[in-house]
Amino acid sequence: MRGRGMRTAAFRALVLLGLVLVWEVGTRLAGNPFFPPPSTIVARMHAMWFSGPPATLFLTDAAVGNILPSLGRMALGFAGGALGGVVLGLAVGLSARVYDYLDGVLQFLRAIPPPALVTVFLVVFGFGLRMQVAFIMFSIVWPVLLNTADGARSVEPLHLETGQVFRLSRAERLFRVILPSALPKMFAGLRLALSLSLIVMVFSELLPGTTNGIGFQLTDAYSTFDLPAMWAGIVLLGVLGYLLNEVFLIVERRVLSWHHAARELVG
């Protein structure tokens, strides 16, 4: 298994290097100023964000003043939305009657594109951090809520009956039976919410009134026609999305190791 994993990682690295090489050659041959080569983008990323002193882990003032605030907003919004989605999802999923009553409303709210509600959030919260965090929370709560509710509803009846036979209390049934059974679908919703939180975070920083963040730097680079800086922000977002997804998968594999082992035994 370890050897196969290393071969897969090596193959992925080769594919990535090949694509970057094709990108480099293609952009240099085209000579289009709107599409700078990767070497120019990487050099600009290093100069903008990663050429600081060792005391700050080589982060520049621009990185500390823009990347870290963006990650902080994303973390706050993701944590709040994930917690709210899990709690509400369990509350909805544990009651068949409540689920039947609220399913249409939840599906309606989930279908509303978050950007369509920007004006509402600006009126309620005003410009600034509160609006951005609330906007991220509202945008990501739905996949977590619906997946958690579906996971809570899909618990095997035999498991619940076994818990009743052993006279488990409600809290014990929740933490020992329902939550473990709902965790796989819950993590599916959390993974979707993680990628969505990055997208919504950037969108919230593109709005007027924002003074820092990756989205703010993208707007500033576009307004000054600094195309390498704009592409540097786009590439940085892709790298952050990839790294966050990989970290999440590591956590998911650790938490759901029993689930993956059971599936392998069944298979």
Side-chain angles (χ1 to χ4, degrees), residues 66-95 98-153 179 182-219 233-234 236-238 240-245 247-248 251-252:
N66 291 284
I67 298 177
L68 297 186
S70 290
L71 293 177
R73 295 184 189 105
M74 178 181 170
L76 287 174
F78 178 77
L83 179 61
V86 169
V87 173
L88 294 174
L90 288 173
V92 172
L94 291 177
S95 173
V98 172
Y99 186 89
D100 291 337
Y101 287 159
L102 296 181
D103 182 53
V105 176
L106 295 177
Q107 295 296 338
F108 170 79
L109 293 173
R110 180 183 69 87
I112 299 176
L117 297 175
V118 167
T119 304
V120 177
F121 280 90
L122 288 175
V123 170
V124 175
F125 297 101
F127 293 99
L129 179 62
R130 287 196 309 165
M131 185 279 295
Q132 293 168 330
V133 173
F135 185 60
I136 296 172
M137 289 174 59
F138 176 84
S139 302
I140 72 165
V141 72
W142 307 113
V144 181
L145 191 159
L146 294 173
N147 277 274
T148 302
D150 189 44
R153 284 171 51 83
L179 270 179
L183 274 178
K185 290 189 177 181
M186 190 186 301
F187 267 94
L190 289 171
R191 185 180 179 187
L192 179 60
L194 182 64
S195 60
L196 184 59
S197 65
L198 180 64
I199 297 171
V200 178
M201 176 270 291
V202 176
F203 180 82
S204 70
E205 293 176 346
L206 298 176
L207 300 174
T210 306
T211 58
N212 57 24
I214 301 174
F216 172 78
Q217 281 199 307
L218 283 172
T219 304
I234 294 172
L236 177 65
L237 290 173
L240 288 176
Y242 174 80
L243 293 177
L244 290 172
N245 183 68
V247 171
F248 184 86
V251 174
E252 181 183 8

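Keep in mind that this is a model prediction, so the values were computed, not measured.
- When each of Q217, E205, R73 is checked for a side-chain hydrogen bond (donor to acceptor under 3.5 Å, both in side chains) with N212, only R73 meets the rule.
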Practice task
Step by step, work out the side-chain contact (heavy atoms from CB on, under 4.5 Å) result for F127 and T210.
Solution key: CA-CA 8 Å; F127 293 99; T210 306; over 6 Å; no

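- In terms of heavy-atom proximity, T219 sits nearest to L206 at OG1-CD2, 3.2 Å.
- Partners of L106 according to the side-chain contact (heavy atoms from CB on, under 4.5 Å) rule, which considers only residues two or more places apart in sequence or in another chain, are V92, L102, W142, L145, L146.
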Handout entry: Check against side-chain contact (heavy atoms from CB on, under 4.5 Å), M186 and L179
Key = CA-CA 9 Å; M186 190 186 301; L179 270 179; 3.8 Å; yes

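- Side chain of N147 to main chain of P143: a donor-acceptor pair is present (N/O by atom type, distance under 3.5 Å, no hydrogens or angles).
- Looking only at distances, no side-chain donor or acceptor of S95 sits under 3.5 Å from a matching main-chain atom of A91.
- Side-chain contact between L109 and V105: present, with at least one pair of heavy atoms (C-beta onward) separated by less than 4.5 Å.
- Between L244 and M74, some side-chain heavy-atom pair lies under the 4.5 Å cut-off.
- No side-chain heavy atom of L94 sits under 4.5 Å from any side-chain heavy atom of R153.
- Partners of F248 according to the side-chain contact (heavy atoms from CB on, under 4.5 Å) rule, which considers only residues two or more places apart in sequence or in another chain, are F187, L190, R191, L194, E252.
- Between P114 and F135, the shortest heavy-atom distance links the atoms O-CE1, 3.2 Å.
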